[in-house]
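This report refers to the structure that appears directly beneath it.
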Amino acid sequence: MTDFDFALGDNADMIRESAWRFSTDRIAPLAAEIDEKDWFPREELWPAMGELGLHGVTVEEEFGGLGLGYLEHVVAQEEVARASASIGLSYGAHSNLCVNQIRRWGNEAQKARYLPKLISGEHVGSLAMSEAGAGSDVVSMKLKAEKKGDRYILNGTKFWITNAPYADTLVVYAKTGEGAKGITTFLVEKGMKGFSIGQKIAKVGMRGSPTSELVFEDCEVPEENIMGPLNGGVGVLMSGLDYERTVLSGIQLGIMQACLDIVLPYVRERKQFGKPIGAFQLMQAKIADMYVALNSARAYVYAVARACDAGRTTRFDAAGAILLASENAMKTALEAVQALGGAGYTKDWPVERYMRDAKLLDIGAGTNEIRRMLIGRELIGA
């Protein structure tokens, strides 16, 4: 396939090349097994990704990062997800939701303590915001943190937490007061007294990206592990959401490219009525729609990533980029299944996995309904 040149720059091109080579050589051969066994290959991949610098794309060099921007992070995310969307999801939760938030909000001592091992891949990171009764309505969370001497005692649960069973460091939001001005961000470590992993959550797609409940039973967190201002957790959370949505959009770009990677050779080789099925105009139209869906989403996502790097992104455009990417990815994955016909509906081909994986980001990082509400409200000024 002839790739359109988005002129992203030398840094992005180098990141794409190195991430693509690693993903092709190391991730893609494991992708089917990862999905089938719901297996997170931490030892096989995480340290090696750290050696490439993938975990710290946006982090300053003094902490072991590459000191690059969100555009390069999107490109890395895209190429990882092209090989395995589930590894892409865990990678995004680790490198953006956890590592980048610590970079942005941690004090010097916190950054020095946590970032090096997260960036090297020795440790796995996670972010814990959602609860069984608090998803889009984040302020309704119930996890409570009460001050006791020089510690906070956390009680409650978190749910749908990516990377939770393997996480060494977690960015956790808890109630320290009332309403939107009563939420605080804590850095929680595996092994802290009163902290444990609850039930594992089985998912339709993104299998191999581990998702679990977190349980806090009189969990003791030192006061020094507050990240950002006391009772300022909503500001910490919302300030990172634009970057989260932008970077995670790269997962959907990777899924769409993976669909084309499979479908294009297939329609050239599969013959019906004496000629390749790609010779039929209906199939050509399907390919055209898939290609346009991918590159239109790329154009928007890359533009928003550049705006993030320039400090001029808007909340509704970050929401818009992932809205377009998520819906286009779902349509493209469905078309990939259709293009392969009966073969596409079997486990013999990966397009059915792409279809299951693509659905997640219609829901995760703020549902498409919430994204539309946000965009419409901001544009109208309501």
Side-chain angles (χ1 to χ4, degrees), residues 58 93 96-115 118 125-164 167-190 192-196 213-245 308 311 313-316 318-319 365-366 370 373-374 377-378:
T58 58
N96 181 261
L97 278 69
C98 181
V99 170
N100 193 59
Q101 281 292 71
I102 295 174
R103 177 193 76 85
R104 295 179 64 243
W105 286 99
N107 58 38
E108 291 305 305
Q110 290 167 344
K111 288 191 281 189
R113 177 170 182 172
Y114 294 110
L115 287 179
L118 288 167
S126 180
L127 178 143
M129 182 276 287
S130 296
E131 299 178 4
S136 300
D137 181 13
V138 60
V139 178
S140 68
M141 69 175 61
K142 302 297 185 186
L143 177 63
K144 192 171 184 179
E146 294 184 302
K147 195 170 190 304
K148 186 176 181 181
D150 62 351
R151 297 179 175 271
Y152 278 81
I153 309 301
L154 276 60
N155 280 286
T157 60
K158 293 291 181 181
F159 212 66
W160 298 302
I161 307 305
T162 301
N163 293 349
D168 301 279
T169 305
L170 302 96
V171 176
V172 177
Y173 297 92
K175 297 286 283 188
T176 47
E178 298 299 324
K181 295 183 179 180
I183 293 173
T184 299
T185 312
F186 294 89
L187 291 170
V188 175
E189 300 174 25
K190 180 178 70 174
M192 281 183 168
K193 182 181 178 181
F195 172 61
S196 62
E213 176 188 32
L214 302 178
V215 179
F216 301 84
E217 296 177 305
D218 293 329
C219 174
E220 299 182 9
V221 180
E223 186 175 8
E224 66 193 36
N225 279 41
I226 288 177
M227 189 173 75
L230 179 66
N231 295 322
V234 168
V236 174
L237 173 67
M238 297 307 293
S239 73
L241 192 55
D242 296 341
Y243 305 121
E244 173 186 344
R245 285 170 168 160
C308 288
T313 188
T314 64
R315 180 144 297 162
F316 56 87
I370 291 292
M373 180 182 75
L374 170 63
R377 183 179 64 201
E378 291 291 326

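Starting from 1, each residue takes its place in the sequence as its number.
In this model, no donor atom of one side chain and acceptor atom of the other lie less than 3.5 Å apart for Arg113 and Gln110.
Between Val236 and Gln101, the shortest heavy-atom distance links the atoms O-NE2, 3.0 Å. Minimum heavy-atom separation, Thr162 to Ala93: CG2-CB, 3.8 Å. In this structure, Ser130 and Trp160 approach most closely via the heavy-atom pair CB-CE3, 4.1 Å. The shortest heavy-atom contact between Val172 and Val188 is CG2-CG2, 3.7 Å. Between Ile102 and Lys111, the shortest heavy-atom contact is O-CG, 3.5 Å. Across Ala145 and Leu154, no two heavy atoms sit closer than the pair CB-CD1, 3.6 Å.
At a threshold of 4.5 Å between non-hydrogen side-chain atoms, the residues Asn155 and Phe216 do not count as touching. Contact of the Leu214 side chain with the Phe195 side chain is registered, since non-hydrogen atoms from C-beta on lie closer than 4.5 Å. No side-chain heavy atom of Pro222 sits under 4.5 Å from any side-chain heavy atom of Phe186.
Formation of a donor-acceptor pair under 3.5 Å by the Asn163 side chain with backbone atoms of Gly125 is found in this model. In this structure, Lys175 contributes its side chain and Lys142 its backbone to no donor-acceptor pair below 3.5 Å. For Thr184 (side chain) and Asn231 (main-chain N/O), a donor-acceptor pair under 3.5 Å exists by modelled atom type. With Thr157 contributing its side chain and Val215 its backbone, the two residues share no donor-acceptor pair below 3.5 Å.
Atoms CD and CZ, from Glu223 and Arg151 in turn, are 10.5 Å apart once rounded to the nearest 0.5 Å. Thr169 OG1 to Leu127 CG: the interatomic distance, rounded to the nearest 0.5 Å, is 12.5 Å. To the nearest 0.5 Å, atom CH2 of residue Trp105 and atom CD1 of residue Ile226 are 13.5 Å apart. Note that CD of Glu220 and NZ of Lys193 are 4.5 Å apart. Values are rounded to the nearest 0.5 Å. For the atom pair Leu241 CG and Arg315 CZ, the distance stands at 6.5 Å (nearest 0.5 Å). Annotation: the span from Asn96 atom CG to Thr58 atom OG1 amounts to 7.0 Å, rounded to 0.5 Å.
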Do Val171 and Thr185 pass the side-chain contact (heavy atoms from CB on, under 4.5 Å) test, and can you show the C-alpha distance, the side-chain angles, and the key distance before you say yes or no?
-> CA-CA 7 Å; Val171 176; Thr185 312; 3.5 Å; yes
Could you give me the CA-CA distance, side-chain angles and deciding distance for Met192 and Asn225, then say whether side-chain contact (heavy atoms from CB on, under 4.5 Å) is met?
-> CA-CA 12 Å; Met192 281 183 168; Asn225 279 41; 3.4 Å; yes
Given Glu146 and Lys148, is the salt bridge (charged side-chain N to carboxylate O under 4.0 Å, His left out) satisfied, shown in steps?
-> CA-CA 6 Å; Glu146 294 184 302; Lys148 186 176 181 181; over 6 Å; no
